[in-house]
Amino acid sequence: MSVLLTRLSSPTRSFACRSLRYGSMCIRTLSTAGNGKIDQALRRSYLYVPSSSDRMLDKSLSTPSDVIIYDLEDSVPPSPFDKESARQRLSTFLNRTPEHKLPHPERIAVRLNDITTPFFENDISEVLKSPFVRTLVLPKIHSIRDLHHVSRAIQTSRARISTPFPIRIVASIESARSAWNLGEIASWTSEYGPDVGGKLGALLFAAEDYCADTSVVRTPSRLELLYVRSQIAIAAKAFGLDAIDMVCVNYKDLDYLKDECEDGRRLGFNGKQAIHPTQVDTIHSTFVPTEKEILRAANILHQMEVAHSSQKGAFGLELEGGGKEMIDAPMLKQAENIIRVAKAAGLEIPVVS
């Protein structure tokens with residue numbers, strides 16, 4: 001708990017205090033709301049922006065989405081003219097927009113056309129000319145062979161342009177083959193090394209493509225997707241990757257979106273794709289710990305410090321409705337993760353007194 005308290009006492013931040021009760025314990029909370037600072041490592045929302053529309057490209061400059069995916073694939077008509085036009089439109093947008101107006105490079109991603117199309121090579125060559133593009137979303141990654149192909153293209157493109165930063169790769173899981181090969185995909189590393197050939201940073205679930213490939217019938221319950229979504233989240237976490245949940249296609253029903261977000265968070269996903277700006281706020285407010293979870297985590301950190309000072313490795317946590325829950329090292333790790341995410345999101349961080 002002493003580390004947490006040291007962070008909270010930083011003179012560079014101002015806090016408003018209030019009291020809350022957790023079980024029988026009184027807890028002071030220090031509000032960080034309104035500080036306007038979000039840790040860019042917190043990637044909850046991934047908003048798609050069609051690169052075929054100047055209007056939507058301009059609107060992307062004001063979106064609060066953690067990550068903005070400038071799309072050259074599905075949101076662009078399939079004709080060669082439209083694909084080339086969208087690619088050039090995006091390049092012009094990135095080159096001509098003043099740097100201070102563009103999103104931070106850590107928030108910029110581009111979804112390319114897949115490696116089997118005649119557009120992929122020109123997409124990656126043109127996109128990587130921009131120093132602001134640090135993340136590539138790769139559709140239809142079925143195996144590590146596909147990732148090796150992407151890595152070779154990154155290496156070739158970067159050999160012509162000297163850039164000091166590594167390229168983050170987001171692999172889209174959207175077929176029976178990719179689901180079957182999840183373990184090897186998640187464990188992939190570039191033969192050129194991450195600085196030259198790119199580094200896998202996340203697995204993304206493309207539910208509609210997956211259903212089309214597998215004949216799975218999509219229902220509002222999402223039960224038919226539980227297995228594959230769980231496998232994606234597990235594979236991602238096994239290799240230190242982010243797990244990005246599916247798009248909620250009913251973009252006008254925010255109550256259903258919230259339910260889908262809560263479901264994804266319970267499964268272990270870090271964030272979710274969005275197809276409309278109105279979805280972003282709901283995604284942001286759901287893919288963070290609740291106030292109750294934060295208070296419980298703070299209580300665990302404090303009580304565990306007390307237990308450790310008494311040479312104990314576990315203790316009984318008093319529950320709100322009565323009874324006690326045994327807390328040990330794994331639950332301490334969960335509590336630390338909750339506080340870390342809450343702090344990154346600028347939420348209220350409690351101090352147990």
Any heavy-atom pair between the side chains of Y70 and I108 that's under 4.5 Å?
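A side-chain contact exists here, since the closest heavy-atom pair is under 4.5 Å.
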
* Ring center gap for F269 and F287 short of 6.0 angstrom ->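 No, ring centres 6.0 Å or more apart.
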
Salt bridge present between [X] and [Y] (N-O < 4.0 angstrom):
| X | Y | answer |
| --- | --- | --- |
| R43 | D66 | no |
| D54 | R89 | yes |
| K333 | E336 | no |
| R296 | E291 | no |

query = What do the steps show when you test L204 against E174 for side chain to side chain contact (heavy atoms under 4.5 Å, CB included), and what is the final call?
reply = CA-CA 8 Å; L204 175 150; E174 48 190 271; 5.8 Å; no

**Request:** Please list all pairs passing the side chain to side chain donor-acceptor pair (under 3.5 Å) test where one or both residues lie in residues 226-241, with sequence neighbours left out.
**Result:**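 Residue pairs passing side chain to side chain donor-acceptor pair (under 3.5 Å), neighbours aside: R229-D245, R229-D263.
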
Looking only at side-chain N and O atoms, does S157 offer a donor or acceptor that is under 3.5 Å from a partner on S125?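 Side-chain D/A pair, S125 to S157: absent.
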
What I want to check is whether the side chains of S221 and T219 have a donor and an acceptor closer together than 3.5 Å.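 Distance-only check passes for S221 and T219.
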
Q279 side chain to C248 backbone, donor-acceptor under 3.5 Å: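 Checking the backbone N and O of C248 against the side chain of Q279, a donor-acceptor pair under 3.5 Å is found.
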
Practice item. Please confirm whether the backbone N or O of P50 pairs with a side-chain atom of S53, one donor and one acceptor, at under 3.5 Å? Key: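 No, because the side chain of S53 does not come within donor-acceptor range (under 3.5 Å) of the backbone of P50.
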
(message) Can you classify the ring geometry of F120 versus H149 as parallel (below 30°), tilted (30 to 60°) or perpendicular (above 60°)?
(response)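 Answer is tilted, since the angle falls between 30° and 60°.
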
Worksheet entry | Residues, nucleotides or ligands: over 12 heavy atoms within 6.0 Å of K258 NZ |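 Yes.
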
Report task. With D123 as reference, evaluate R87, K83, R111 under the salt bridge (charged side-chain N to carboxylate O under 4.0 Å, His left out) test and give the passing residue. Result ->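 So, applying the salt bridge (charged side-chain N to carboxylate O under 4.0 Å, His left out) to D123 and each of R87, K83, R111, only R87 qualifies.
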
Quick one: does NZ or CZ of R158 land under 6.0 Å from the six-membered ring centre of F165, within 45 degrees of the ring axis?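 Yes, R158 and F165 form such a contact.
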
Report task. Using the salt bridge (Lys or Arg N to Asp or Glu O under 4.0 Å) rule, take R168 and E106 through it: C-alpha gap first, then chi angles, then the decisive distance, then the call. Result -> CA-CA 10 Å; R168 181 174 184 261; E106 295 300 322; over 6 Å; no

